[in-house]
Amino acid sequence: MPDMFQPARSSESSLDPLSVPLQPPPNETEDEKLARLEAAREATRVSRSIDAGLVDTKKMLERKRRAVKILLLGQSESGKSSVLRNFRLAFTPKYFESERLVWKTVIQLNLIGSVKKILSVLQTALDSESPSEPTPLTSEHRRRALSLSPLLAFETSIGQMIDSTGSGGYIVTVRPGGGWKDKLASFGRAASKFEAHSPVEEASQVTQVLDACAAEIVALWEDPIVRDVLALDDVHLEDESGFFLDDTTRIAALDYVPTDRDIMRARIRTVGVEEHRFVTESGFRAGTEFFITDVCGSSSQDKKTNRVQDSLQLWRDIVSSTLLAKTAFILLFNKRDILEAHIAAGVMVKKYVPSFGDRPNDVPTVTKCMQLILHFRDKFSAYHVRTFFHLYTVC
Ligand SMILES: Nc1nc2c(ncn2[C@@H]2O[C@H](COP(=O)(O)OP(=O)(O)OP(=O)(O)O)[C@@H](O)[C@H]2O)c(=O)[nH]1
Ligand SMILES: [Mg+2]
């Protein structure tokens, strides 16, 4: 038996070290030989596919290096995913069109979510009724709530189908990745034949039940007693995102197809991080490759902190990051239409931004006066010198 601890002889040391284990064993049978050769072929195939994967990865990284990369940041509900949606409408219209039916289901779910919220407030009011505190709700309200209850089951079943995380309260919340869109796409697709309990059948049922319930939903939402009960509970659905109750008749129609505007107003909460890669189909520099990363936003747990302060804090955190020292920033002052509506309703900006002071409380002053921008810019330039754009937008 050879001594394994003896140094190899010089003639052996020049051998390829792999050649020894790869040599056929002595007394190899024909079957063993075939198996060995097959294993070698398989190993070569795997090795080549790894090489091809490495080449693809290298190409992808090179493409990514040259592509436009955008990271969307902002607090929850600030409109990050809407910016992405707007972007796709403008620069990848064919893709946007292909997703229209996906958004139909999201909008239907938004509408059902609002109904669910109203019914929950009414239920609480009915449950807490006492002789000393009678509720203005009547047996007719009970009947209406009962007649609308089948709608709520759809929210659960569609949520399960798209693997909704369910943590968004009345808002659809999906896991990262496009999986939910693929499921909703098959869900919303029209089909002449469908299997029992298939997504298509369920989609058709949601549309039919919504159509059948439309008059009841409209009556519920337009009922002054219901509005009073909601207001007493400080529930203002019309100020919430994904609000479609004023459009019930149109959305619940059997032949409803969402408009671009509807799609922009739809609300679905992002969780985790999603990277979207696409090549622009039209517009400025068509053919440009983009990687846009959309992340879930967070909101301050402190209810006393208003959203402007929350955004400012987030902005400070971002601009002070040394990792982003050389990154160009685009600061979007979106939801300009909401600002206009709030100012028209008499909301005083200085209540939320004390440094706004006693300037005229009108839209041109708020948007044009650079107080907010300068505030942001000061915070911005205090840390680093880099490219900075700001835009006012409406989704
Ligand atoms: N009126 C109005 N609504 C807007 C505008 N931009 C966004 N929204 C609405 O605001 C809601 C929230 O927008 P999203 O894009 O889902 O917000 P997000 O930042 O992605 O939120 P998370 O995914 O929770 O982090 C949606 O219902 C949008 O339709 C705007 O300019 N005007
Ligand atoms: Mg989002």
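Read the numbers this way: they start at 1 and go in the same order the structure lists the ligands and their atoms.
With respect to Glu62, the salt bridge (Lys or Arg N to Asp or Glu O under 4.0 Å) criterion is satisfied by exactly one of Arg65, Lys64, Lys58: Arg65. When Asp247, Asp246, Asp260 are each tested for a salt bridge (Lys or Arg N to Asp or Glu O under 4.0 Å) with Arg265, only one passes: Asp247.
The pair Arg36-Glu28 meets the salt-bridge criterion, with a side-chain N (NZ, NE, NH1 or NH2) lying under 4.0 Å from an Asp/Glu carboxylate O. With respect to the salt-bridge test (charged N to carboxylate O, under 4.0 angstrom), the residues Glu240 and Lys117 qualify. Ion pairing of Glu97 with Lys94 is absent here, as no side-chain N (NZ or NE/NH1/NH2) approaches a carboxylate O to less than 4.0 Å.
None of the N, O or S atoms belonging to Ser76 lies under 2.8 Å away from the Mg ion (ligand 2). Among the backbone and side-chain atoms of Ser82, none of the N, O or S atoms lies under 2.8 Å from the Mg ion (ligand 2).
With the Mg ion (ligand 2) as the vertex, OG of Ser81 and OG1 of Thr270 span 90° to the nearest 10°.
Counting heavy atoms closer than 4.0 Å to ligand 1, residue Thr270 contributes atoms from both its backbone and its side chain. Residue contacts with ligand 1, taken as heavy atom pairs separated by less than 4.0 Å, involve Ser78 via backbone and side-chain atoms alike.
Of the N or O atoms in Arg269, none lie within a sub-3.5 Å distance of an N or O in ligand 1. Residue Arg267 has at least one nitrogen or oxygen atom sitting less than 3.5 Å from a nitrogen or oxygen atom of ligand 1, judged on distance alone. The distance criterion of under 3.5 Å between nitrogen or oxygen atoms is not met by Arg85 with respect to ligand 1. Distances between N or O atoms of Asp294 and those of ligand 1 include no value under 3.5 Å. By the 3.5 Å distance cut-off applied to N or O atoms, Gly79 is counted among the residues near ligand 1.
Within ligand 1, the atoms closer than 4.0 Å to a non-hydrogen atom of Ala266 are 26 (C), 27 (O), 29 (O), numbered from 1 in the order shown. Atoms of ligand 1 lying under 4.0 Å from any heavy atom of Gln75, numbered from 1 in the order shown and given with element: 19 (O). Every atom of ligand 1 with a heavy atom of Cys296 under 4.0 Å away is listed here by number and element: 25 (O). Taking a cut-off of under 4.0 Å to the non-hydrogen atoms of Met264, the atoms of ligand 1 that pass are 28 (C), 29 (O). Under a 4.0 Å criterion applied to the non-hydrogen atoms of Asp337, ligand 1 contributes the atoms 1 (N), 2 (C), 30 (C), 31 (O), 32 (N). Residue Gly242 approaches ligand 1 through these ligand atoms, each under 4.0 Å from one of its heavy atoms: 27 (O). The distance from ligand 1 to the heavy atoms of Arg265 drops below 4.0 Å at these ligand atoms: 27 (O), 29 (O).
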- Item | Full working for side chain to side chain contact (heavy atoms under 4.5 Å, CB included) between Asp294 and Leu71 | CA-CA 6 Å; Asp294 188 12; Leu71 171 63; over 6 Å; no
- Walk me through it: do Trp103 and Phe96 pass the test ring-ring contact (aromatic ring centres under 6.0 Å, His included)? CA-CA 10 Å; Trp103 292 107; Phe96 188 86; 8.1 Å; no
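Residue-ligand proximity: Gly74 is placed with every non-hydrogen atom at 4.0 Å or more from ligand 1.
Ring geometry, Phe290 versus Phe87: the interplanar angle exceeds 60°, so the pair is classed perpendicular (tilted spans 30 to 60°).
In this structure, CG in Leu220 is found 6.5 Å from CZ in Arg144, a value given to the nearest 0.5 Å.
Nearest to atom 7 (C) of ligand 1 by heavy-atom distance, out of Ser82, Ser81, Ser76, is Ser82.
Annotation: side-chain hydrogen bond (donor to acceptor under 3.5 Å, both in side chains) contacts of Arg45 (sequence neighbours excluded): Glu42.
Of the possible polar contacts, none joining the His342 side chain to the Leu339 backbone as a donor-acceptor pair under 3.5 Å is found. No donor-acceptor pair under 3.5 Å is formed between the side chain of Ser120 and the backbone N or O of Lys116.
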